[in-house]
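Convention: sequence-line order gives letters A, B, ...; per-chain numbering from 1. Since this is a predicted model, take the numbers as computed values, not measurements.
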Amino acid sequence: MDLKKLLNPAQWEAVMHDDGPAMIVAGAGSGKTRVLTYRIARLMLEGTDPFRILALTFTNKAAREMKERIAAVVGESRAKNIWMGTFHSIFARILRLEADKLGYTSSFTIYDKDDSQKAVTSVIKELGLDKEIYKPRQVLNRISALKNRLITPDKYGDYVELINEDVQRRQPDFIRIYHRYNDLLFRRNVMDFDDLLLKTNELFEKYPEILGQYQRRFEHIMVDEFQDTNYSQYRIVRALADFYQNLTVVGDDSQSIYSFRGAEVKHFLNFMREFPGVTVYRLERNYRSTKHIVKASNSLIAHNKYGLKKELWTENEEGEKIRIMALSGDRSEASWIARDLIRRLEQKGLRYSDAVVLYRTNAQSRPLEDAFRAYGIPYRIYGGISFYQRREIKDVLAYLRLLVNPRDDEAFLRIINFPARGIGKKTLETLSVLADRHGLSLYELTQDIDRLAGGMLNARARNKLKDFAVMMEHFRIRARELPVDELAKAVIKRTGLLEAYRKEYDVDADRHIENVEALVNAMREFVESQSELADGDPGLERFLSEVALQTDMDMADDDENAVTLMTLHMSKGLEFPVVYISGLEEGLLPAGVTMFDRENLEEERRLMYVGMTRAKKLCTLTYARSRMRWGTVYESEPSRFLSEIDEAHVQWLRQPPADSPPAPAEPASPARRGISRTIRPSNLKPLKRAAKGGAPPVRLAEGDRVRHERFGNGTVKKVVLDGENSKATVEFDYSGTKVLLLRFAKLTRL
DNA sequence: TCATTGGGCTTTTTT
DNA sequence: AGCCCAATGA
């Protein structure tokens with residue numbers, strides 16, 4: 001095959017890059033997937049063993065699709081042997097192989113955020129700490145950030161500033177929680193998401209010979225979306241590439257949007273310095289979008305100060321201008337999008353699946369869903385509560401998890417009394433004490449409860465526990481002979497899960513029961529697809545591992561003719577002929593908490609840029625003057641990003657907002673008139689650039705103790721009430737005295 | 001032990 | 001507005 005015909009000169013150069021480090025700076029729509037695909041295919045055609053290629057992608061779906069495209073060139077049997085997947089799934093696989101070196105068994109469980117948070121909660125409780133001060137979610141976020149920087153509890157003490165921070169945040173016992181949480185996970189034979197990366201680093205550090213083995217195995221390493229790697233991931237890549245130095249990274253600093261989970265663009269930007277002798281390839285020609293879309297996006301991102309300067313260009317048609325539409329409320333915004341979408345798709349002869357509606361927060365999908373249903377538009381929604389996080393799915397999986405890992409107390413607690421079998425709080429408390437005493441997990445204890453109870457449990461409770469253990473052991477035997485989907489069916493039937501849902505959800509139960517059926521189907525598909533693979537593993541452990549790392553996106557069914565609804569974050573890497581971005585309002589995009597910090601604001605702008613550059617033909621931006629948030633209607637102003645786009649590429653479908661004070665907003669919708677609106681004093685002067693979508697004001701009095709996210713704790717010295725311009729003077733314990741606009745400041749009263 | 005109710009919290013984004 | 005959790009009573 002003649003690659004030169006399929007690629008432009010810049011792409012061809014990158015594909016033909018020989019040995020040594022390479023950095024591909026690939027603008028949106030410039031064909032970077034194409035380059036990666038053909039680069040790998042080319043290596044294989046020239047004789048590289050697929051087992052010796054490691055390709056790290058951002059989603060499992062991206063990996064699957066790339067494999068398919070490579071398969072078209074080199075054949076499926078060879079393509080599927082490439083080590084290709086997300087950081088998490090690849091290194092979970094490696095960790096299972098090497099688990100014993102780190103004191104885990106190869107059937108360790110992977111906790112998702114939900115499980116981890118429950119573990120944190122139980123630790124906080126166990127240590128007798130106040131969960132109002134140590135908010136589990138917040139604590140877990142901090143733990144996650146630390147793990148991504150490879151700061152383990154042991155190393156924590158080396159960082160004086162961290163300890164100071166804890167004191168300042170009034171959380172001096174944070175480190176104890178972190179420590180205990182890690183111990184708990186270890187005892188349970190469990191890793192959380194961040195452990196999959198952190199433990200890989202530990203493995204390579206502790207066992208240089210194992211690192212050496214993988215270094216020599218992976219002759220070529222490719223990393224996609226490199227601008228979104230965090231330190232932990234970066235270290236893994238660095239270590240693995242150290243022997244051959246055949247590392248190709250692909251990225252676009254303008255599309256770095258994951259700093260909140262520890263990603264740092266500097267890994268990409270400093271790549272040249274870190275890997276001397278690197279060859280840089282730049283892909284700046286866009287093949288995806290019309291001229292108007294490319295130029296409009298360029299003009300937006302030009303407002304960012306940080307980042308590589310580059311200018312995307314295209315030879316595609318001029319196309320239509322970016323359309324901007326102002327609506328009165330979120331509901332009218334949604335129904336306008338629905339109507340416009342039908343009209344435009346018809347006009348262009350496109351299908352529903354050619355369109356996507358993007359938004360900043362998952363919560364914004366609601367009115368869109370309502371409108372789409374009302375207009376009979378088929379849609380598919382991604383994100384929010386993903387399939388595998390649904391309660392009924394987690395219930396079924398907990399039974400299977402406990403079979404695989406009897407030390408997974410979280411799984412045990414989830415199902416020990418669901419469906420109800422009369423094992424209550426009291427029994428579980430006793431059980432927990434006993435487990436501590438014997439150094440056993442709850443399930444291990446349950447298996448031999450008569451001997452271990454030591455007179456602490458009555459016969460009734462013991463019998464119920466024994467029944468449970470007998471049932472589980474029965475499943476364990478069946479697990480040896482049944483494929484996973486059949487095993488799940490047996491579990492569902494024997495435990496009476498479906499009946500429990502019928503009872504609990506009443507008329508609403510069907511949805512939940514359908515989900516359980518969908519799970520069983522997914523399991524069957526898993527068994528079938530694994531048995532087709534050369535090194536396939538249709539086992540329960542592998543299934544659970546994949547499931548823990550699966551996202552909604554990975555389960556996408558592309559054949560369905562439906563409009564896509566998703567967050568801007570999830571849209572990265574995708575493209576659609578028709579794109580709507582909704583909710584372009586101050587306080588929403590840019591999000592409220594990000595508006596006052598340059599770095600954060602720039603990331604919001606990149607997010608908007610990512611959204612716009614998804615569009616091939618038509619890009620439409622909408623905003624609403626009022627929006628329902630937290631059950632209350634808030635008024636909002638158009639996003640600053642709208643006015644940052646070069647007007648030459650914009651068509652306002654309604655008049656652009658004048659500089660004069662905005663007219664009083666119409667009610668959000670007739671149905672909601674008068675209910676729960678925020679009251680606005682009539683003498684209030686409209687404030688320019690006011691962010692009414694910000695945090696709702698907190699009622700404060702002098703002398704109140706408050707907490708601010710950035711400034712820490714303080715005492716309220718003075719309060720001036722003036723409608724939306726109400727201010728408070730706060731003397732912070734460590735950050736001095738500040739005058740805060742209550743509408744903006746995120747203050748919590750202590 | 002189980003079911004119901006009310007209060008508090010949420011919405012920034014996710015492997 | 002919806003979800004989760006704690007407190008309360010049967």
Side-chain angles (χ1 to χ4, degrees), chain A residues 56-63 85-92 110-114 116-118 121 131-132 135-137 141 144 147-148 192-197 225 228-230 232-233 256-263 330 358-367 370 382-386 388-389 391 417-428 460-461 464 503-504 548-554 566-572 583 587-595 600 603-604 606-608 610-611 627-634 672 675-676 693-696 746 748:
Chain A
L56 297 163
T57 57
F58 203 68
T59 62
N60 292 306
K61 187 179 173 228
T86 61
F87 273 92
H88 290 83
S89 54
I90 293 286
F91 296 108
I110 300 168
Y111 270 10
D112 66 14
K113 205 145 207 168
D114 219 55
S116 300
Q117 196 168 314
K118 281 186 181 159
T121 309
K131 68 172 163 32
E132 298 304 313
K135 298 207 167 137
R137 222 180 95 129
N141 280 337
S144 172
K147 286 189 175 181
N148 286 328
D192 65 19
F193 279 154
D194 306 308
D195 281 338
L196 296 176
L197 308 173
E225 306 283 7
D228 278 324
T229 47
N230 63 37
S232 188
Q233 295 169 321
S256 138
I257 53 174
Y258 280 99
S259 71
F260 68 90
R261 72 176 203 216
D330 47 4
L358 302 173
Y359 36 78
R360 178 66 233 261
T361 67
N362 283 305
Q364 286 167 255
S365 70
R366 224 348 152 6
D370 291 345
Y382 297 99
I385 315 122
S386 82
Y388 286 105
Q389 281 168 274
R391 185 237 158 135
N417 199 34
F418 186 82
R421 37 180 87 86
I423 299 170
K425 209 169 136 192
K426 196 69 195 301
T427 308
L428 290 177
R460 219 174 95 100
K464 285 173 182 163
K503 200 171 150 204
E504 194 169 331
L549 300 172
Q550 192 132 92
T551 64
D552 252 27
M553 186 64 74
D554 297 324
M566 60 169 64
T567 61
L568 287 157
H569 280 90
M570 293 195 86
S571 76
K572 195 170 72 165
L588 199 56
L589 182 60
V593 280
T594 66
M595 293 197 300
N600 286 332
E603 180 150 321
E604 295 290 297
R606 290 194 293 270
L607 197 50
M608 169 92 177
V610 166
R627 181 175 299 276
M628 186 82 133
R629 285 177 98 180
W630 302 285
T632 316
V633 176
Y634 288 88
R672 284 174 207 276
I675 321 170
S676 69
K746 245 197 167 168
T748 10

How many whole angstroms separate atom [atom1] of [X] from atom [atom2] of [N]?
| X | N | atom1 | atom2 | value |
| --- | --- | --- | --- | --- |
| Lys425(A) | dC5(C) | NZ | P | 13 Å |
| Asn141(A) | dT15(B) | CG | P | 15 Å |
| Tyr359(A) | dT11(B) | OH | P | 15 Å |
| Met566(A) | dT14(B) | CE | C1' | 13 Å |
| Asn60(A) | dT14(B) | CG | P | 16 Å |
| Gln117(A) | dC3(C) | CD | P | 17 Å |
| Lys61(A) | dT14(B) | NZ | P | 15 Å |
| Leu568(A) | dT14(B) | CG | P | 10 Å |

With a 4.0 Å cut-off on heavy atoms, is [X] in touch with a base, just the backbone sugar-phosphate, or nothing at all?
| X | answer |
| --- | --- |
| Arg606(A) | nothing |
| Asn362(A) | sugar-phosphate |
| Lys131(A) | sugar-phosphate |
| Asp112(A) | nothing |

Nearest 0.5 Å, please: how far is [atom2] in [Y] from [atom1] in [X]?
| X | Y | atom1 | atom2 | answer |
| --- | --- | --- | --- | --- |
| Glu604(A) | Leu568(A) | CD | CG | 9.0 Å |
| Lys113(A) | Asn141(A) | NZ | CG | 4.5 Å |
| Asp192(A) | Leu197(A) | CG | CG | 9.5 Å |

task = Establish, for the pair Arg261(A) and Phe193(A), whether the NZ or CZ atom is under 6.0 angstrom from the six-membered ring centre and no further than 45 degrees off its axis.
result = no
[X], nearest nucleotide to its side chain (from [options]):
| X | options | value |
| --- | --- | --- |
| Ala591(A) | dT11(B), dT12(B), dT15(B) | dT12(B) |
| Ala420(A) | dT10(B), dC2(B), dT14(B) | dC2(B) |
| Thr567(A) | dA1(C), dG2(C), dT14(B) | dT14(B) |
| Phe193(A) | dT15(B), dT1(B), dG2(C) | dT15(B) |
| Glu132(A) | dT13(B), dT14(B), dC9(B) | dC9(B) |
| His88(A) | dT10(B), dT15(B), dT13(B) | dT15(B) |
| Arg261(A) | dT14(B), dG2(C), dT1(B) | dT14(B) |

key: Verify stack between Tyr258(A) ring and dT13(B) base, 5.5 Å, 30 degrees   =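 Here the ring of Tyr258(A) and the base of dT13(B) are not stacked, as the 5.5 Å and 30° limits are not both satisfied.
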Looking at [X], I'd like to know whether one of its side-chain N or O atoms comes within less than 4.0 Å of OP1 or OP2 on [N].
| X | N | answer |
| --- | --- | --- |
| Asn417(A) | dC2(B) | yes |
| Thr427(A) | dT1(B) | yes |
| Arg137(A) | dT11(B) | yes |

task = Kindly assign one of parallel, tilted or perpendicular to the pair Phe260(A) and His569(A), based on the angle between their ring planes and the thresholds 30° and 60°.
result =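 Rings of Phe260(A) and His569(A): perpendicular, as their planes differ by over 60°.
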request  = Using heavy atoms to find the nearest nucleotide of DNA chain B for Leu197(A) and Arg360(A) separately, return the residue whose nucleotide is more 5′.
outcome  =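 Here Arg360(A) is the residue nearer the 5' end.
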inquiry  = On DNA chain B, does the nearest nucleotide to Gly422(A) precede the nearest nucleotide to Glu604(A) from the 5' side, or the other way round? Give the residue.
reply    = Gly422(A)
task = Answer yes or no: does atom CZ of Arg421(A) have more than 12 heavy-atom neighbours from other residues, nucleotides or ligands under 6.0 Å?
result = yes
request  = Pick the C1' atom in dT11(B) and in dA6(C), then give their distance to the nearest Å.
outcome  = 24 Å
